[in-house]
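One structure is given here, and the rest of the page talks about it.
Remember, it's 1-based here, ligands and their atoms both numbered in the order they're listed.
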Amino acid sequence: MALDVFAPWDDPKAKPLIQFKNVTKRFGDFTAIDDLTVDIFEQEFFALLGPSGCGKTTMMRMLAGFETPSEGSILLAGQDMAPVPPNQRAVNMMFQSYALFPHLSVWENIAFGLRRDRMPKDEIATRVEEMLRLTRLEKFARRKPHQISGGQRQRVALARSLAKAPKLLLLDEPLGALDKKLRQETQFELMDIQESTGTTFVIVTHDQEEAMTVASRVAVMDEGKIVQVATPDAIYEAPNSTYVADFIGDVNLITGSVETEGETLRFTWAESQPAIVGASTKTFGKAQNVHFAIRPEKIAISAQKPEDAANAVPGKVLDIAYLGNISTYHVQLAGGQVIKAQTANNRRISRRSFTWEDDVWLSWTDTAGVFLER
Ligand SMILES: Nc1ncnc2c1ncn2[C@@H]1O[C@H](COP(=O)(O)OP(=O)(O)OP(=O)(O)O)[C@@H](O)[C@H]1O
Ligand SMILES: [Mg+2]
């Protein structure tokens, strides 16, 4: 039922848990965060994604209270956080460089915050055991941090930050040191924890698949600004810029000029090619320069020209990347442009339909791509 969909950001009456209001953070004359405004809601799993140095950790550190904004304000549950010291914010942060206490065992590291909060001994024991189970560290409980692997240390840091069941948990690259399989399992565990505890998570990750998997919304950042914040499917299917389209997933980007003709858009992009036909979602001016962005999996590849495709162009197979579950074909068109098309390998023994140098047709519907002004 539509009513069950979790989307407080669409509800004008919903009160955000976190509000960044025109926050700027300067280090000397370098601007790390640039007039950033964003709302994050209770029980969200909010992912910050962006290239190295774009300001992700700085945002987290300001939320946790380890840095103060140069301008603007940060509100938590409606309260201005400026005068509130880190240890009095209902926020817990797992750092990118998870500083564990070297002289304490794994068990003691996880128990540390609970002890400091004077939680009763038996409750601490129960909680720590629970966290050890969750992060699969039972076997290592008695070891010191230097006696376990990097991935295991990261899980200790995760267990420690989850132990206090904070209202808001900031995770800076929490799974970076884990192998792919453990990483995926931990992602699902994080989502379970998040659902069962109702904690609000803000997670930083370099891994776009991870962001897409866990997040209720993804914010894509560039040089101290949020370029787009939206649900994973909106970020993927309706990016607002070539930057976002290119940052998330694989995409073909073609530059050209677009014109609106009633219900359709005609996109001129190469002398030797017919105009690309698109369904008009917004109106463009006359011969406006834009980018056409289309995902490889939205392009079909066939030996014959398809009868009724809105768009079809001939080309030659230049390269094939076989990835097990999918294959990506690089197809060169007459004008030299290379377009990527992807097919799902849904049969085990694939009769490889196409090989290098084959003449093929690429085709796509009028709604398969998006036209982007920037
Ligand atoms: N204390 C500081 N003094 C000066 N510059 C800083 C300081 N802290 C961060 N910066 C700069 O601010 C920018 C943003 O840093 P930040 O750590 O937030 O990046 P990030 O997005 O977390 O990157 P990464 O993905 O590499 O962790 C960087 O260019 C960094 O060099
Ligand atoms: Mg960082």
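Residue contacts with ligand 1: S52 is placed with a nitrogen or oxygen under 3.5 Å of a nitrogen or oxygen of the ligand (distance criterion only). Backbone and side-chain nitrogen or oxygen atoms of F27 are examined, and none is located within less than 3.5 angstrom of a nitrogen or oxygen of ligand 1. Looking at C54 next to ligand 1, an N or O pair under 3.5 Å apart turns up.
Within ligand 1, the atoms closer than 4.0 Å to a non-hydrogen atom of T57 are 17 (O), 18 (O), 20 (P), 22 (O), 27 (O), numbered from 1 in the order shown. Residue T58 has at least one heavy-atom neighbour below 4.0 Å for each of these atoms of ligand 1: 14 (C), 15 (O), 16 (P), 18 (O). For ligand 1, the atoms lying closer than 4.0 Å to a non-hydrogen atom of A32 are 12 (O).
Side-chain atoms of Q304 and W361, non-hydrogen and from C-beta on, never get closer than 4.5 Å to each other.
Residue-ligand proximity: G50 is placed with every non-hydrogen atom at 4.0 Å or more from ligand 1. Contact analysis puts H206 in contact with ligand 1, with a non-hydrogen atom separation below 4.0 angstrom.
Classification of E237 and R295 as a salt-bridged pair fails, no side-chain N sitting under 4.0 Å from a carboxylate O. Looking at R115 and E108, a side-chain N of the basic residue comes within less than 4.0 Å of a carboxylate O on the acidic one, giving a salt bridge. Electrostatic pairing of R133 and E130 does not count as a salt bridge here, judged by no charged N lying under 4.0 Å from a carboxylate O. One finds no salt bridge joining E42 and K15 here, because no Lys/Arg side-chain nitrogen approaches an Asp/Glu carboxylate oxygen to under 4.0 Å.
Taking the six-membered ring for Trp and thresholds of 30 and 60 degrees, F247 and Y243 have nearly parallel ring planes, at less than 30 degrees apart. Ring pair F354/Y329 is perpendicular by interplanar angle, where above 60° counts as perpendicular and below 30° as parallel.
Here T57 meets the criterion, with an N, O or S atom under 2.8 Å of the Mg ion (ligand 2).
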